[in-house]
A.B. asks: 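Quick one: structure below, then a few questions.
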2 protein chains.
Amino acid sequence: MLRITRETDYGIILMSALAQADEASLSAALLARRCRLPVPMVGKTLKALAQAGLLISQRGAHGGYALARHPAEITVAEVVEALEGPIAITECSSAEPSGCVFLEHCQVNSHWNRINEIIRSTLGAISLKQMSQWPSSLRGADSPVTINPLSALLGEHSSVQPDPTRR
Amino acid sequence: MLRITRETDYGIILMSALAQADEASLSAALLARRCRLPVPMVGKTLKALAQAGLLISQRGAHGGYALARHPAEITVAEVVEALEGPIAITECSSAEPSGCVFLEHCQVNSHWNRINEIIRSTLGAISLKQMSQWPSSLRGADSPVTINPLSALLGEHSSVQPDPTRR
DNA sequence: TTAATCAGTACTAGTTTGGTGCTATATAAA
DNA sequence: TTTATATAGCACCAAACTAGTACTGATTAA
Ligand code: FES
Ligand code: FES
């Protein structure tokens with residue numbers, strides 16, 4: 001239903017927890033406790049994120065996981081793609097030219113591709129750093145929004161200044 | 001994988017076909033033939049869309065389905081929600097206050113809500129009329145995009161600034 | 001050596017998805 | 001009235017996916 005999987009949800013939560021942790025590296029067990037998530041899934045998820053290169057893992061005693069890059073340099077889109085593969089809202093919408101036999105007759109494909117691109121760039125415009133910060137602009141999100149919410153999020157990213165609703 | 005179901009895909013294709021048809025009303029069988037989609041699923045999908053109030057159905061001989069409103073007045077979001085329920089990118093992100101027990105400790109929920117709102121408003125800003133038109137701006141989509149694709153889509157809706165960071 | 005910790009794989013129950021089939025009901029036309 | 005056409009509403013099924021579990025093996029600090 002146009003939904004990320006629960007594992008991806010876990011992934012974002014875990015990465016956010018790492019982003020705001022004081023320690024450089026955290027073990028799976030500790031992360032699970034801190035995020036109140038089931039240990040086995042946390043382990044599984046962290047493995048996948050490490051394999052995708054978003055986390056650096058250290059084995060052995062006092063081992064654990066650390067962010068591979070600065071939180072501001074990791075986007076939500078990267079985490080999603082690491083855990084679910086390329087973002088493609090329809091079977092036929094993807095970066096590569098689709099092999100769909102209906103493509104010639106299909107009048108909606110190019111539109112879906114554009115929508116897909118919007119979603120991907122939206123997720124790509126939100127950093128882990130933003131995701132890990134408690135919403136200082138919650139008040140702004142609650143109040144009637146007159147500008148499109150996207151401008152806030154995209155504006156924030158491009159000039160590294162907080163979204164216009166605060167301060 | 002952040003994907004609409006195939007039935008929703010069918011739904012959009014069928015609604016688009018209705019939007020650009022000369023006839024006011026088309027039968028399920030004819031629509032299936034015209035869209036080159038499997039007949040049984042087309043029937044199932046149209047029934048659901050009729051029940052959601054997006055289509056008007058006429059039984060009996062010479063019966064069929066017709067759009068309940070003008071194509072410009074029906075949004076992609078409505079079709080998606082008719083076939084998959086409310087758009088909620090995570091289990092906890094929805095319009096109503098979620099009953100999630102973690103909500104108090106959850107630092108990402110409000111961010112997901114904002115992302116969800118962006119996606120919903122994106123899908124809500126695209127009408128069936130636009131979806132049914134062959135992409136006159138395909139050339140623009142192929143060429144290196146300097147402005148964010150959103151501006152093109154939302155352009156008629158609000159004035160959106162280009163995003164300088166992407167590509 | 002030992003305990004902690006990640007890597008990798010395989011497995012399973014439950015849900016969702018995509019699709020099929022059948023019967024009942026409505027309607028235009030012969 | 002009869003008949004052909006079409007939708008309405010179920011119930012059902014197989015395949016795929018999701019969420020979660022289990023276990024073995026490799027690595028490393030102490
Ligand atoms: S159905 Fe595959 S491109 Fe439209
Ligand atoms: S996990 Fe439910 S609100 Fe965050």
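Reminder, nothing fancy here: chain letters follow the sequence lines and each chain counts from 1.
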A.B. asks: Counting N and O atoms only, with roles assigned by atom type, does the side chain of Arg69(B) sit under 3.5 Å from a partner on the main chain of Ile74(B), one being a donor and the other an acceptor?
C.D. replies: no
A.B. asks: Using a 4.5 Å cut-off on heavy atoms from C-beta on, say whether the side chain of Leu46(A) contacts that of Leu55(A).
C.D. replies: yes
A.B. asks: Indicate yes or no: does Glu91(A) engage Arg6(B) in a salt bridge with an N to O separation below 4.0 Å.
C.D. replies: yes
A.B. asks: Return the value, rounded to whole Å, for the distance between atom CZ of Arg3(B) and atom C1' of dG18(C).
C.D. replies: 14 Å
A.B. asks: Look at the side chain of Glu78(B) and the backbone N and O of Thr75(B), then say whether any donor-acceptor pair between them is shorter than 3.5 Å.
C.D. replies: yes
A.B. asks: Mind running a 4.0 Å heavy-atom check of residues 32-40 of chain A against DNA chain C and sending the residues that fall below it, in number order?
C.D. replies: none
A.B. asks: Would you mind reporting whether Gln133(B) and Gln107(A) have side-chain heavy atoms less than 4.5 Å apart?
C.D. replies: no
A.B. asks: Does Glu84(A) use its side chain to pair, donor to acceptor, with the backbone of Ile4(A) at less than 3.5 Å?
C.D. replies: no
A.B. asks: Would you say Cys106(B) and Val108(B) make side-chain contact, with heavy atoms under 4.5 Å?
C.D. replies: yes
A.B. asks: Kindly state which residues belonging to residues 6-20 of chain A come within less than 4.0 angstrom of DNA chain D, counting heavy atoms of the residue only, listed by number.
C.D. replies: Arg6(A), Glu7(A), Tyr10(A)
A.B. asks: Between C1' on dG18(C) and CD1 on Ile4(B), what's the gap in Å once rounded to a whole number?
C.D. replies: 14 Å
A.B. asks: Report the distance from atom CG of Leu2(B) to atom C1' of dT18(D), rounded to the nearest whole Å.
C.D. replies: 16 Å
A.B. asks: Between Leu83(B) and Ala48(B), which heavy-atom pair has the shortest distance, and what is it?
C.D. replies: CD2-CB, 3.7 Å
A.B. asks: Could you run down the sub-3.5 Å N/O contacts of the protein with nucleotides 6-12 of chain D?
C.D. replies:
{"unit_1": "dA6(D)", "atom_1": "O4'", "unit_2": "Gly60(B)", "atom_2": "O", "d": "2.9"}
{"unit_1": "dT7(D)", "atom_1": "OP1", "unit_2": "Ala28(B)", "atom_2": "N", "d": "2.7"}
{"unit_1": "dA8(D)", "atom_1": "OP1", "unit_2": "Ser57(B)", "atom_2": "OG", "d": "2.6"}
{"unit_1": "dA8(D)", "atom_1": "OP2", "unit_2": "Tyr65(B)", "atom_2": "OH", "d": "2.5"}
{"unit_1": "dA8(D)", "atom_1": "O4'", "unit_2": "Arg59(B)", "atom_2": "NH2", "d": "2.9"}
{"unit_1": "dG9(D)", "atom_1": "N7", "unit_2": "Lys47(B)", "atom_2": "NZ", "d": "3.0"}
{"unit_1": "dG9(D)", "atom_1": "O6", "unit_2": "Lys47(B)", "atom_2": "NZ", "d": "3.2"}

A.B. asks: Would you say that Glu81(B) contacts Ile87(B) through its side chain, given a criterion of any heavy-atom pair below 4.5 Å between the two side chains?
C.D. replies: yes
A.B. asks: Is there a side-chain contact between Glu117(A) and Trp112(A) in this structure, where contact means two heavy atoms from C-beta onward sitting under 4.5 Å apart?
C.D. replies: no
A.B. asks: I need the CD1-C1' distance between Ile56(A) and dT27(D), as an integer number of Å.
C.D. replies: 16 Å
